[in-house]
Amino acid sequence: MLKRTDYLTKNYGKPDGWKLAAYEAAGGYRSARKALGMSKDAVIDEAKKAHVRGRGGAGFDCGVKWSFMPKESTKPHYLVINADEGEPGTFKDRTIMEQNPHSLIEGCIIGCYAIGAHACYIYVRDELHLSKERLWGAIAEAKAKGHLGARPFGKDYAVEIYVHTGAGAYICGEETALLNSLEGRRGEPRLKPPFPAQYGAFGCPSTVNNVETIAIMPTVFEIGGDAFSKLSELHGINDGGCRLFGVSGHVKNPGIFEAAVGLTLRELIFDLGGGVLDDRAIIGVIPGGSSCPIHKPDEIVDVAGDPRFEPYNGKSVLDLPLGVDTFRGIGSMLGTACAIVLSDAADPVLAYHNVMRFYRHESCGQCTPCREGMGWIERILDKIVAGTGTIEELDQLSDIANSVMGNTICAFGEGAAQPALAFVRRYRKELEDYVHNGGKNQTGTLTT
Amino acid sequence: MPTFKLDEREIPFEKGETIIQAAHRAGIDIPHYCWHPGLSVAANCRMCLVEIEPPPGRPAMMLDVLEWDADAQDYVPQKKPKLQPACQFQAGEGMVVHSEGSKNVKEARRAVQEMLLLNHPVDCPICDQAGECRLQDYWLEHQGSKKRMKDEPVHKPKAVVFGPTIVYDAERCIVCTRCIRFCDEVAGDSVLDLRERGNLNEVVLAPGRELDHDYTLMTEYVCPVGALTAVDFRFKARVWFLRSARTVCVGCATGCNAFLDFDPRDQKVYRHRPRENPDVNKYWMCDEGMLSYSRVHENRVLRAEIDGQTIEFERGLKKAAKLFKSADPDRTAIVLSAQHSNEDNFAMLVLARDYIGSGNVFVNGRPGGDSDEILRDADKNPNARGVVGLCTSAPPAPFKELATALAAGKFTHVLALGSDASDPDEVAAFEDCENLVLLTSHRGPLAAHADALLPACTWAEADGTFVNRTGIAQESERAIFPHGDSLPAWKLIAAFGRALGHSFGWTKLRHVRAAMAPDPGAEVAADAEAQSGAPA
Amino acid sequence: MAFALSAERENELDQILSRYPNKMAACIPVLHLCQDANEGWVSADVIAFVAGRLELSTAQVKGVVTFYTLFNEEKPGKHQVWVCRTLSCALRGSEDILRHCEKKLGVKQGETTRDGKVTLRTAECLASCGTAPMMQVDKKYYENLSMTEVDRILDRLLYDGDA
């Protein structure tokens with residue numbers, strides 16, 4: 001159900017809306033002041049009540065993640081913010097950093113306190129120069145005001161926040177690759193265990209949170225964890241609050257929209273996104289970044305034996321609330337809740353090729369299945385798109401993706417195998433048309 | 001000891017051990033490329049994936065995959081369990097692990113194997129790794145089918161000179177990072193890293209550097225495929241014609257356990273490589289040691305010589321003995337060699353004390369050299385400690401004292417094992433030695449001053465025991481037959497004794513060993529059989 | 001000549017170092033700093049400089065430089081134009097934008113104009129999907145591009161020398 005909110009976005013687009021004055025005028029920094037007056041356990045409990053499922057794509061409960069940090073430790077703790085936004089189709093964190101950076105800074109203060117960290121690194125991908133500038137600006141403003149530094153709000157709990165920059169590598173959005181990159185290494189994912197809560201940044205206990213996950217924390221403490229969670233239609237299945245939804249591709253009004261969890265793809269595309277470009281028919285929707293499987297609009301929800309799905313069984317996938325567990329339940333993934341829409345003007349085979357080229361380009365190459373599998377898939381698609389592919393090669397696509405799935409060091413393998421399988425499963429006919437007829441029955445373009 | 005089940009077999013493990021470590025110790029090889037028992041875990045090749053049953057009552061983690069049903073002309077959704085790398089996953093009490101017994105594991109390994117060969121040139125005939133390449137072994141064991149990708153493979157740099165000893169072929173490289181980890185973690189010199197990413201990955205040399213530390217051949221040796229090859233061994237031999245003797249490196253006092261690879265057809269030695277021994281060299285050897293095999297064929301004394309003239313062996317032996325017939329035992333010096341085995345030196349001592357009657361015992365060897373904290377010892381002799389241990393009544397005097405004594409005219413006769421000079425500056429003192437007889441394998445610095453040279457075997461041509469710097473007595477096995485007229489030094493000494501007219505009865509090594517027992521100088525008996533011979 | 005930083009940039013380097021518990025962590029920010037000071041690329045001298053200052057092996061620095069797409073191992077043009085080619089942009093016409101740029105600049109993607117003014121590249125998703133198609137010119141995003149807008153931007157680069 002569409003229920004718009006404006007906790008994060010109320011100052012978006014306003015003149016100087018990213019500055020401290022605007023943020024404080026809207027009640028900013030009260031939450032951090034409040035949290036620093038609570039016990040750490042109380043802060044974590046409050047966060048748990050909010051059921052903020054990680055907004056970076058994995059959907060792990062933020063409060064629970066915080067609780068994994070050791071209580072007693074001889075080493076320093078670190079909070080690391082994943083601002084390496086790079087999942088194709090995803091552009092929500094950038095809006096926060098550019099238009100509401102203080103929400104992130106305030107969230108970092110709360111997060112540091114909760115996990116016992118005195119230092120926080122915000123890992124921003126290098127290309128987001130405006131984001132970095134605004135974040136450094138916000139840090140300077142907050143420090144000047146005494147909200148940040150040795151004694152935030154006069155409390156005896158020092159917090160320093162630094163902006164760190166990447167240098168162009170999608171894989172650094174994977175949390176352990178990000179930690180390696182933060183440490184000045186090649187952005188290759190680490191083996192887990194040990195997990196970051198035991199052995200994270202600089203070998204110390206660390207929590208890695210997505211920008212939006214942390215930026216919403218001031219709201220959680222403003223209105224209370226439980227009240228926040230209840231904003232969501234999926235509060236009952238521990239998927240709380242509101243979040244930023246995005247829509248791009250073939251819609252009339254692409255953009256980022258804040259709404260309560262419970263929003264459906266149909267609402268996102270038609271009510272917020274203004275409908276399909278040129279009022280064409282939809283041939284596919286990727287729910288939340290290109291690592292998620294693509295869905296056709298005529299797919300029907302059918303999850304047997306799970307009472308959570310009773311209200312949705314029999315409905316179109318477009319009418320299933322966009323939640324972490326609702327989409328996991330249908331064998332899909334919510335990801336970053338930034339959808340990509342393909343109208344019937346788009347050639348799904350070219351879209352497939354585009355997506356798999358991305359994963360070949362971004363594979364770190366550390367482990368065999370991903371390194372070789374991505375290159376192989378891209379080659380086959382190169383040939384299919386050029387009209388020189390064979391049915392044998394088309395058959396190999398699922399085989400290769402199956403071999404990548406689950407067999408890699410990090411989740412990139414799944415993130416690449418999922419679209420590889422989803423496209424071939426849903427657009428086999430179109431792929432065969434390329435093999436047999438050079439794709440002459442397809443549009444041959446991605447653009448309307 | 002707790003155990004887990006691997007393909008129906010109970011495997012004991014120590015807490016903290018990974019599945020592959022425990023299996024390795026139990027003699028079960030879980031296929032792997034990147035894992036090496038002496039290096040950190042990289043888990044990047046994914047060849048060792050195994051299926052681990054979830055704990056009772058817990059569901060297995062399943063993944064969604066697709067199968068193409070050609071009859072129905074549609075994809076059928078399937079589930080497969082999440083596999084785990086055995087090199088990374090710690091063994092747990094009662095854990096049930098399927099390796100060879102799981103079809104999921106078989107399929108995963110087949111896929112990894114196919115992918116590793118996807119862009120590989122498959123140039124086995126001209127590859128030096130042929131015959132000992134894991135890609136070859138595992139293709140047969142785990143793939144056994146043709147490569148399905150018919151297109152031109154990705155091309156990368158070939159025959160890249162990494163340094164004076166090593167050549168790199170990026171197309172053959174499977175990016176397992178063993179070489180990088182070896183340089184970082186063992187050699188302590190981060191001279192290699194990866195460049196690029198994805199399927200453009202390759203190993204790269206530090207700009208401005210060469211691969212030139214003291215363990216470059218080891219860096220090559222940890223490569224499980226033909227990506228790194230040693231200049232020294234390139235295009236010299238086919239490994240399947242070679243046989244391996246279990247030897248001890250004679251390059252220094254560390255006494256690294258080694259394999260000496262030789263061709264039985266031409267009786268030549270081609271290569272020296274490490275043999276695992278956790279108490280001595282773990283899995284490693286240094287360049288100096290690995291190249292020391294060439295001494296077997298270089299600068300040898302293979303015939304008897306009298307006054308610089310080659311002579312038939314028996315005649316040479318007689319002439320040499322004649323020089324000692326009237327020697328005054330008090331003016332006779334006997335020189336042991338830290339280059340030679342306990343057996344050789346023991347024979348020398350017996351000859352000196354029981355037959356010649358001289359107590360003037362000295363010890364010689366190769367001069368000292370560089371050392372490090374890894375393996376290399378400054379003492380470049382394999383058996384200094386053994387020689388000292390043999391001299392139970394009084395320690396042997398150093399070479400320098402012999403030179404001083406010679407210069408003072410104290411000795412008229414010197415019988416020496418070897419022709420080295422542990423102090424090269426003192427060689428001139430031997431110029432005026434009236435009767436110098438050397439029983440020697442090589443033409444060392446003393447040879448020029450010898451009145452008689454009798455040919456002895458190198459360590460490669462004889463069995464022998466060497467006591468290393470920590471007091472471990474280790475047996476070294478004969479590789480090739482004695483070259484030329486050379487004899488194992490103990491045998492040569494016995495023959496010399498007989499030529500002097502003594503009843504020196506030893507004809508078999510066991511005769512010497514029986515006379516020696518118990519092992520002098522040895523604190524720990526070497527148990528060569530217990531040490532695994534399989535390379536990691 | 002060996003690479004060195006100006007006093008001002010040295011100062012910046014010290015500031016970067018002060019943010020981290022060890023020197024290695026400064027590797028990427030310091031490489032950016034040096035690349036900016038070295039006409040936009042990381043030469044062998046820069047690698048040696050960074051390795052020396054951060055007490056790293058040159059192999060490690062080389063590994064880092066080649067892993068990330070934004071470090072150039074060759075000198076780029078005065079300006080760098082990245083056209084995003086990933087799905088959301090492709091659905092909104094990025095292929096046409098790229099072709100247009102190639103034609104106008106007379107180079108293929110990955111190449112630099114003969115006068116050394118502009119290097120044309122493609123980029124993977126730059127988190128600007130809602131404002132597709134888009135391109136990045138040096139440090140600035142240009143979004144919701146039309147061909148006229150692309151022409152204006154490229155003309156400025158080619159003739160005014162400024163973005």
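FYI, side chains are in, hydrogens and waters are out, and symmetry mates aren't considered; it's all heavy atoms of this structure. In what follows, chains are A, B, ... by sequence order, proteins preceding strands, each numbered from 1.
- The CD atom of A/Glu127 sits 11.5 Å away from the OG atom of C/Ser128 when rounded to the nearest 0.5 Å.
- A distance of 12.0 Å separates CE in C/Met134 from CZ in A/Phe91, rounded to the nearest 0.5 Å.
- Ranked by heavy-atom pairs shorter than 4.5 Å toward chain C, the options A/Asn253, A/Leu277, A/Val355, A/Ile286 are led by A/Leu277.
- Residue A/Cys204: no heavy atom, backbone or side chain, is found under 4.5 Å from chain C.
- Considering only residues two or more places apart in sequence or on other chains, C/Glu95 meets the side chain to side chain contact (heavy atoms under 4.5 Å, CB included) condition with A/Leu446, C/Arg99.
- Contact of A/Tyr78 with chain C is made through the side chain alone, with heavy-atom distances under 4.5 Å.
- For residues 46-63 of chain C, a heavy-atom distance under 4.5 Å to chain A picks out C/Gly63, given by residue number.
- Contact annotation for A/Phe358: both backbone and side-chain heavy atoms come within less than 4.5 Å of a heavy atom of chain C.
- Contacts between A/Ile171 and chain C at a heavy-atom distance below 4.5 Å involve the side chain alone, from C-beta outward.
- Taking the six-membered ring for Trp, C/Tyr20 and A/Tyr121 have ring centres closer than 6.0 Å.
- C/Tyr141 and A/His129 share no side-chain donor-acceptor pair at under 3.5 Å.
- For chain C, the nearby part of A/Thr448 is the backbone; its heavy atoms alone come within less than 4.5 Å.
- Contacts of A/Arg186 with chain C are made by both backbone and side-chain atoms, with heavy-atom separations under 4.5 Å.
- For A/Ala351, the parts sitting under 4.5 Å from any heavy atom of chain C are the backbone and the side chain alike.
- Donor-acceptor pairing under 3.5 Å is lacking for the side chains of C/Arg92 and A/Thr447.
- Of the atoms belonging to A/Leu182, heavy atoms from both backbone and side chain fall under 4.5 Å from chain C.
- Checked against side chain to side chain contact (heavy atoms under 4.5 Å, CB included), A/Ala337 has the following partners two or more places apart in sequence or in another chain: A/Arg243, A/Phe245, A/Leu334.
- Interface remark: A/Ser181 contributes backbone and side-chain atoms alike to the contact with chain C (heavy atom separation under 4.5 Å).
- Judged as a side chain to side chain contact (heavy atoms under 4.5 Å, CB included), and not counting sequence neighbours, the contacts of A/His353 are A/Leu381, A/Asp382, A/Val385.
- In this structure, the portion of A/Glu362 lying under 4.5 Å from any heavy atom of chain C is its side chain and not its backbone.
- In this structure, CG on A/Leu342 lies 5.0 Å from CG on C/Leu91, to the nearest 0.5 angstrom.
- Here the straight-line distance linking atom OG1 of C/Thr122 with atom NE2 of A/His361 works out to 6.5 Å at 0.5 Å rounding.
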